[in-house]
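First comes the structure, then the notes that go with it.
Because only heavy atoms are used, hydrogens play no part in the values below, and waters and symmetry mates are left out as well, while side chains stay in.
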Amino acid sequence: MSFREIAENVVSQLEGAFAVVIKSVHFPNEAVACRRGSPLLIGIKASGELGTLKVPVAAGTVFENASSNRDAVGVGSSHLPRAMSASGRLSSMTNLNLSSEGMNAIEYFLASDASAIVEHTRRVIYLEDNDVAHIALGEIAIHRIKIDGISVDDSHIKDDGSREIQHLEVEIQQLMRGNYDHYMQKEIFEQPESLLNTMRGRVNFKDMVVQLGGLVNDIHTMRRCRRMMFISCGTSFHSTLAARAFIEEMSEIPVGVELASDFMDRSTPIFRDDVCFFVSQSGETADTLNTLRYCKSRGALCVGIVNTVGSTISRESHCGVHLNAGPEIGVASTKAYTSQIVALTIFALMMANDRVSMQGRVKDVIKSLHELPELVKEVLKLDEQVKQLAADFKEERSLLVM
């Protein structure tokens, strides 16, 4: 029985969300990784060019349910026998370093977030729920197990079932704290730049037009929808609250703003002519991801608005917008929050592109967006005064802002 088959039997009995990497002294030079509900990616570092940019996914074991297979150890699939092939490779493994020049050295890095491995490699594979990745002798195989009673949305996965090797665009300098006291301070002072990055290529200040490339193919559907639902958690929820009035003004379509946890508790009715937006900095927020799958199963158009490229929400939504605000390490959201508001504002302007009566209002807002980064810089110059205000109010139990 192979290491992967043992791991599959163990994983089939786990409940809840997890991302695990399994090693064993009985299977040296091997590792098995699996995820369900939590993010997991594999970084690939090679000394030369890779022989392929796709890793095929084989069908793994089908388990009846998580409780009935406790005695099934030893009855696994036969997709990965221990016998070597004629080339010396394990059967069904993908040799990523076969190239015209011959064999290259290769390393694998497993992490929950790309920022943990970007200093080592830019090549990554994002695993999907119930993927089991087996790494042995410098080669990798990905199998997909199925467990009755546990549904997994795989409608976003390519027809050939492969996992693409993607290239990270994150720069290592973006992850360094620099001369700031802490990451949150750094991210506060990065807001002028992050706002510009969110607008870059989307707002044409010369011609006074806006366009979100990720929504172009579906914007006509959005303009004809019955209602728009913005679903999120925490700070992202407050960004949708801030933008709701302007979106309604520009689109003249009813807009609902929902907390993802409350949304699922109520089993909110969703219809095919609804458009549902899922806003998240990480793109991995569990409650928001669950509501996405709920709305998608009911036929609604699902739009992801996330900051993290390659996140689960960005992969599973029908279309979407990346904030391009850069990595946010601080727990309390700062630059991602302001970028979310700007992205939602741009979306509202895009909804009004075909309405002649709104063009004056659209141009006024675009002018304001052009001035926004400089205004934020002026506010950030008040850093010492803000610190003094914080010192004055830190002992107060309540504060009324008029």
Side-chain angles (χ1 to χ4, degrees), residues 153 155-159 198-232 236 239-258 263 268-280 283 288-289 291-307 309 311 313-324 339-366 368-369:
D153 177 26
S155 59
H156 62 288
I157 298 175
K158 293 186 179 297
D159 293 337
T198 301
M199 293 186 281
R200 184 172 286 119
R202 296 165 173 174
V203 183
N204 186 327
F205 295 110
K206 180 180 178 181
D207 299 330
M208 292 293 176
V209 294
V210 299
Q211 179 167 288
L212 291 168
L215 304 184
V216 168
N217 294 333
D218 298 283
I219 193 66
H220 297 296
T221 302
M222 297 177 193
R223 288 173 180 152
R224 296 194 305 267
C225 72
R226 175 197 296 201
R227 62 175 176 171
M228 293 185 286
M229 305 284 288
F230 288 81
I231 305 164
S232 49
S236 298
S239 71
T240 59
L241 276 177
R244 173 172 59 180
F246 185 65
I247 295 171
E248 283 186 328
E249 177 191 348
M250 293 290 103
S251 66
E252 293 188 340
I253 296 173
V255 173
V257 175
E258 297 277 354
F263 184 92
T268 307
I270 291 294
F271 307 99
R272 290 186 177 182
D273 52 358
D274 289 338
V275 178
C276 299
F277 295 78
F278 303 90
V279 187
S280 170
T288 306
L289 185 55
T291 58
L292 186 157
R293 292 166 177 165
Y294 171 86
C295 296
K296 196 174 182 181
S297 68
R298 282 154 178 77
L301 175 64
C302 296
V303 184
I305 300 178
V306 301
N307 189 39
V309 177
S311 60
I313 289 177
S314 69
R315 296 199 307 273
E316 295 196 13
S317 51
H318 295 118
C319 58
V321 178
H322 284 119
L323 300 178
N324 300 328
S339 287
Q340 284 170 353
I341 294 176
V342 167
L344 292 170
T345 300
I346 296 171
F347 164 71
L349 295 172
M350 192 174 173
M351 289 290 285
N353 274 349
D354 64 341
R355 298 176 58 203
V356 177
S357 62
M358 297 298 297
Q359 293 312 300
R361 175 75 163 133
V362 168
K363 290 179 180 179
D364 287 342
V365 175
I366 291 176
S368 297
L369 288 175

Practice item. For side chain to side chain contact (heavy atoms under 4.5 Å, CB included), just list the numbers for Ser236 and Thr288, CA-CA rounded to whole Å, side-chain angles, deciding distance to a tenth of an Å, and then say yes or no. Key: CA-CA 10 Å; Ser236 298; Thr288 306; over 6 Å; no

Exercise for review: Give a yes or no on whether the backbone of Cys302 and the side-chain of Ser317 come within a donor-acceptor separation of less than 3.5 Å.
Suggested key: no

Study note, to complete from the structure: Here the pair of heavy atoms bringing Met358 nearest to Ala352 is CB-CB, 4.1 Å

**Study point:** Under 3.5 Å donor-acceptor, Arg224 side chain and Asp273 backbone
**Key:** no

**Study point:** Pair Asn324-Met199, side chain to side chain contact (heavy atoms under 4.5 Å, CB included): steps then yes or no
**Key:** CA-CA 9 Å; Asn324 300 328; Met199 293 186 281; over 6 Å; no

Check your understanding: Heavy-atom distance under 4.5 Å between the side chains of Phe246 and Leu349, does that happen here?
Key -> yes

Point to revise | Parallel, tilted or perpendicular, as decided by the 30° and 60° cut-offs, for the rings of Tyr294 and Phe263 | key: perpendicular

Check your understanding: Which heavy-atom pair separates Ile253 from Arg223 by the least distance, and what is that distance?
Key -> CD1-O, 3.8 Å

Practice item. For residues Met351 and Ile247, determine if any side-chain heavy atom of one lies less than 4.5 Å from a side-chain heavy atom of the other. Key: no

Practice item. Go through the steps for Ser239 and Val279 under the test side chain to side chain contact (heavy atoms under 4.5 Å, CB included), then give the verdict. Key: CA-CA 9 Å; Ser239 71; Val279 187; 4.2 Å; yes

Check your understanding: So, for Glu248 and Val255, which heavy atoms are closest and what is the spacing to 0.1 Å?
Key -> OE2-N, 3.0 Å

Review point. Which heavy atom of Lys296 sits nearest a heavy atom of Glu316, and at what distance?
Key: NZ-O, 2.5 Å

Review point. What are the two closest heavy atoms between Met250 and Ala348, and how far apart are they?
Key: CB-O, 3.2 Å

Point to revise | Candidate list Val210, Thr345, Val362, test side-chain contact (heavy atoms from CB on, under 4.5 Å), partner Met350, passing option | key: Val210

Exercise for review: List the atom of His322, the atom of Arg202, and the distance in Å for their closest heavy-atom pair.
Suggested key: O-NH2, 2.6 Å

Check your understanding: Under 4.5 Å between any side-chain heavy atoms of Cys276 and Arg298, yes or no?
Key -> no

Review point. Is Arg244 close to Phe230 at the side-chain level, that is, under 4.5 Å between some pair of heavy atoms?
Key: no

Check your understanding: Mind checking whether Val209 and Asn353 have side chains closer than 4.5 Å, heavy atoms only?
Key -> no

Exercise for review: State, yes or no, whether a side-chain contact exists between Asp364 and Met208 at a heavy-atom distance under 4.5 Å.
Suggested key: no

**Study point:** Qualifying residue, where the test is side-chain contact (heavy atoms from CB on, under 4.5 Å) with Val303 and the options are Leu215, Asp218, Ile313
**Key:** Leu215

Review point. Does the side chain of Cys225 reach to within under 4.5 Å of the side chain of Leu301, using non-hydrogen atoms?
Key: no

